[in-house]
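Data first, discussion second: the structure below is written as structure tokens.
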There are 2 protein chains.
Amino acid sequence: MKAARATLADVARLAGVSLGSASRALSVPDQVKPQTLESVQRAVEQLGYVRNGAAQALASRKTRTIAALYPTLNNPIYADSIQALQQTLWAHGYQLLIASHEYKADREIDAARAIVERGVDGLILVGTDHPPAVLDLVHQYALPYVLTWSVDNTHYPHCVGFSNFDAAYRLAKRVVEHGHTDIALCGGAMEGNERARARVAGTRKALAESGIALRPEWMLEVPFSFEGGRHALRTLLERGARPSVVICGTDLQAIGVLDECRTQGIDVPGQLSVTGFDDIELANITHPPLTTVHVPSFEIGARSARHVLALVEARPAQDEMVLDAPVVMRDSLGRL
Amino acid sequence: MKAARATLADVARLAGVSLGSASRALSVPDQVKPQTLESVQRAVEQLGYVRNGAAQALASRKTRTIAALYPTLNNPIYADSIQALQQTLWAHGYQLLIASHEYKADREIDAARAIVERGVDGLILVGTDHPPAVLDLVHQYALPYVLTWSVDNTHYPHCVGFSNFDAAYRLAKRVVEHGHTDIALCGGAMEGNERARARVAGTRKALAESGIALRPEWMLEVPFSFEGGRHALRTLLERGARPSVVICGTDLQAIGVLDECRTQGIDVPGQLSVTGFDDIELANITHPPLTTVHVPSFEIGARSARHVLALVEARPAQDEMVLDAPVVMRDSLGRL
DNA sequence: CTGAAAGCGCTAACAC
DNA sequence: GTGTTAGCGCTTTCAG
């Protein structure tokens, strides 16, 4: 119980072997005589020895740590993916260093610097649209990285995600099939966020194919939160807009719209239809249940972890990287 | 854009100063002549130099990294606290290494080992009840740590949280005030989880004061999830139990119960009342809105970050560490 | 205020 | 298989 940390040299001395053998016993046990292995293990046990990660990292140039940089950590869609990410990395003996940039470009750049400084083995980023400074840094240090969530607007080969454009397109097609022509959009900030842009673009294309144009004053940009959705609907009503459907960029916003509808006594889908995007667990519990796009967030987390490790360890990647994001029809869009 | 990482020696050479001066220019800029500082900064800029964290950590014995070990990362209550934690650490120049143990003792021990190995400066743990091996390890290496969420069942001085016992007691008092005597409990696994235990104990005390005893067959242990809550209600009904209220250990479970009530056509609070615990954002949006205990999860994250940093940097701690967790009355418990 | 030099604890050749 | 040794890149005395 003393605070002085035992070193590998202590272990080696106690085990009566050399530093090198002690090191090998721990990292490549099968390159060591069983007897040596055993005496080292006993010494480790006895001293309560724990490796010094910094020294190991310095000497081996590996940290066994992967960093992930997310927009926010408490959006359920990201939280789910982080959970899967952490589990998968853990299963492979890696740790997770985590940061968020709150959708701010300069925060992202600072975070990237800090991450490179900590010397992680690989990096996971959300989305394909990043400040040049971030990608420059990552390239300069030849840090293996994967882009997640989106395969839109990029030629980078290591993306684990789906086409937000296509998914939004398919959803909007269903909205049109339900006879809607008075359509409002509740989206979020699009700068540095190709997912938000692709979702709007996909929606716009589907509507355009039916000759429906989006009115600028019916297109709102609000935060990705319940309150954002509530605010959007209030704004719409204040402007005298009377859409028959609100297509939301995320489930969080859609649920906010639903909640505001209840407050205002608006029947969904009777008077107004609402759609979301993400298919968080909650989307199936709302009143009415939410029509949305299913985003495989756990799967994205797990696969991006495996993929970045394949990159780090220079192994061939196994997983399919483009995932499905099917439309999930529920009552908030009404019935045909 | 070459992969070879510039070292401090390169910087020093280019700046025409010694290694030591270059180092000082970066870490203690005011102990260096302005001119030296400037030429070092120029060299850093020019080489795109980024510190090698492993070397810095090895030499200085500081990693500027704090680890947090949570039960799970995607429970909204933890996700919120992680978000606050990360933000606060970031503001102080620290990174966050994160792990989860999924409520399994051996996973927690392994995670603790891995964390100690990575050599973090401090540690944040959820709850007061941990496997002895975890605390032994942490003590052996004199790793500063804070316990969060709970101040129940411990004498450890560095706890940031609230009394789960008291909060549950207060909530149960309100339930009794509403005339309930047929009371079911929907809790979670209690092993290694003093929060769950304290919540049941607090509830039990309040009921006992009114001469109400809990029937063992009306006390369920289910996962901390929507599905857990649904399952609990189904089980209760199958057993022929007809409670007038279900007191849930967490909002997630309570919302599951609410959802199952809707499925089964049970009116809340007309036929059955439901209470939660946590006051996640969602609790205010359910039908009916949920009576629950407000747990200040952001505040816990922020304060525990500040507190562990105070410990790490041997500064006096500023914040009050025992927080309020008020009962929030909403419609799911009915009206008096 | 600055330069020189001694490590921090470990890995990875290299020779035996 | 094993021991020896030379660093990994930085911080931190210690002189000056």
Side-chain angles (χ1 to χ4, degrees), chain A residues 3-41 43-44 47-65 93 114 116-121 141-142, chain B residues 3-41 43-44 47-65 93 114 116-121 141-142:
Chain A
R5 200 161 162 152
T7 72
L8 230 206
D10 297 332
V11 171
R13 201 172 309 124
L14 182 59
V17 302
S18 74
L19 221 201
S21 296
S23 173
R24 278 184 290 260
L26 295 182
S27 38
V28 278
D30 33 64
Q31 280 179 33
V32 125
K33 214 190 323 187
Q35 194 192 348
T36 325
L37 180 56
E38 200 196 336
S39 60
V40 170
Q41 283 173 338
V44 164
L47 294 169
Y49 170 76
V50 175
R51 257 205 203 86
N52 179 322
Q56 183 180 33
L58 182 57
S60 68
R61 305 162 155 287
K62 282 175 182 25
T63 54
R64 300 226 111 204
T65 301
V116 170
E117 218 173 283
R118 288 304 181 277
V120 298
D121 294 342
Y141 287 104
Chain B
R5 200 162 161 152
T7 71
L8 229 206
D10 298 331
V11 171
R13 200 173 310 123
L14 182 60
V17 301
S18 74
L19 221 202
S21 296
S23 173
R24 280 183 288 260
L26 295 182
S27 37
V28 278
D30 33 64
Q31 281 179 34
V32 127
K33 215 191 318 184
Q35 194 191 348
T36 328
L37 178 57
E38 200 195 337
S39 59
V40 170
Q41 283 172 336
V44 164
L47 294 170
Y49 171 75
V50 175
R51 256 205 203 87
N52 180 322
Q56 183 179 33
L58 182 57
S60 68
R61 303 157 159 289
K62 283 177 183 20
T63 54
R64 301 224 112 205
T65 301
V116 170
E117 220 175 280
R118 288 303 181 279
V120 297
D121 295 342
Y141 287 104

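Note on naming: letters A, B, ... go to the chains in the order of the sequence lines (proteins, then strands), and numbering restarts at 1 for each one.
The B:Lys33 side chain lies nearest to C:dC1 when the options are D:dG3, C:dG7, C:dC1. The nucleotide whose nearest atom lies closest to any side-chain atom of B:Ala59 is, among C:dG9, D:dT11, C:dT11, D:dT11. Distance from the side chain of B:Leu58 is smallest to C:dC8 among C:dC8, D:dC10, C:dC10. The nucleotide whose nearest atom lies closest to any side-chain atom of A:Asn52 is, among D:dC10, C:dG9, D:dT2, C:dG9. Comparing D:dG9, D:dG7, D:dT2 by their closest approach to the side chain of A:Ser21 singles out D:dT2.
Computed from coordinates, the B:Tyr141 OH to C:dG9 C1' distance equals 13 Å when rounded to whole Å. The separation between A:Asp10 atom CG and C:dC10 atom C1' is 13 Å, rounded to whole Å. Between the CD atom of A:Gln56 and the C1' atom of C:dT11 there is a distance of 9 Å, given to the nearest Å. Nucleotide C:dG9 holds its C1' atom 8 Å from the CG atom of A:Leu19, rounded to whole Å. The nearest whole Å value for the distance from the CG atom in B:Leu8 to the P atom in D:dT12 is 12 Å. When the P atom of C:dT2 is taken as reference, atom CG of B:Leu26 falls 13 Å away, rounded to whole Å. For A:Lys62 and D:dG9, the NZ to P distance is 14 Å, given to the nearest whole Å.
One finds no side-chain N or O of A:Arg61 lying less than 4.0 angstrom from the OP1 or OP2 phosphate oxygen of C:dC10. Not one side-chain nitrogen or oxygen of B:Arg5 sits closer than 4.0 Å to the OP1 or OP2 atom of D:dC8. Residue A:Gln31 has no polar side-chain atom (N or O) positioned under 4.0 Å from OP1 or OP2 of D:dG1. Between B:Thr36 and C:dC1 there is no side-chain N or O to OP1 or OP2 distance below 4.0 Å. Proximity of B:Ser18 to the phosphate of C:dT2: no side-chain N or O atom is located under 4.0 Å from OP1 or OP2.
Between B:Val11 and B:Val40 there is a side-chain heavy-atom pair separated by less than 4.5 Å. Between B:Val17 and B:Val32 the shortest side-chain heavy-atom distance does not fall below 4.5 Å. Residues A:Tyr49 and A:Leu26 have side chains in contact (heavy-atom distance under 4.5 Å, counting atoms from C-beta outward).
The backbone N or O of B:Arg64 lies less than 3.5 Å from a partner atom in the side chain of A:Arg118, making a donor-acceptor pair.
Closest-nucleotide positions on DNA chain C for B:Asp30 and B:Ser60 were compared, and the one nearer the 5' end corresponds to B:Asp30. Heavy-atom distances to DNA chain C give each of B:Gln35 and A:Thr7 a nearest nucleotide, and the one nearer the 5′ end belongs to B:Gln35.
In this model, a side-chain donor or acceptor of A:Arg24 finds a partner on the base of D:dG3 within 3.5 Å.
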Does B:Thr7 form a side chain to side chain contact (heavy atoms under 4.5 Å, CB included) with B:Asn52? I'd like the steps, not just the answer. CA-CA 8 Å; B:Thr7 71; B:Asn52 180 322; over 6 Å; no
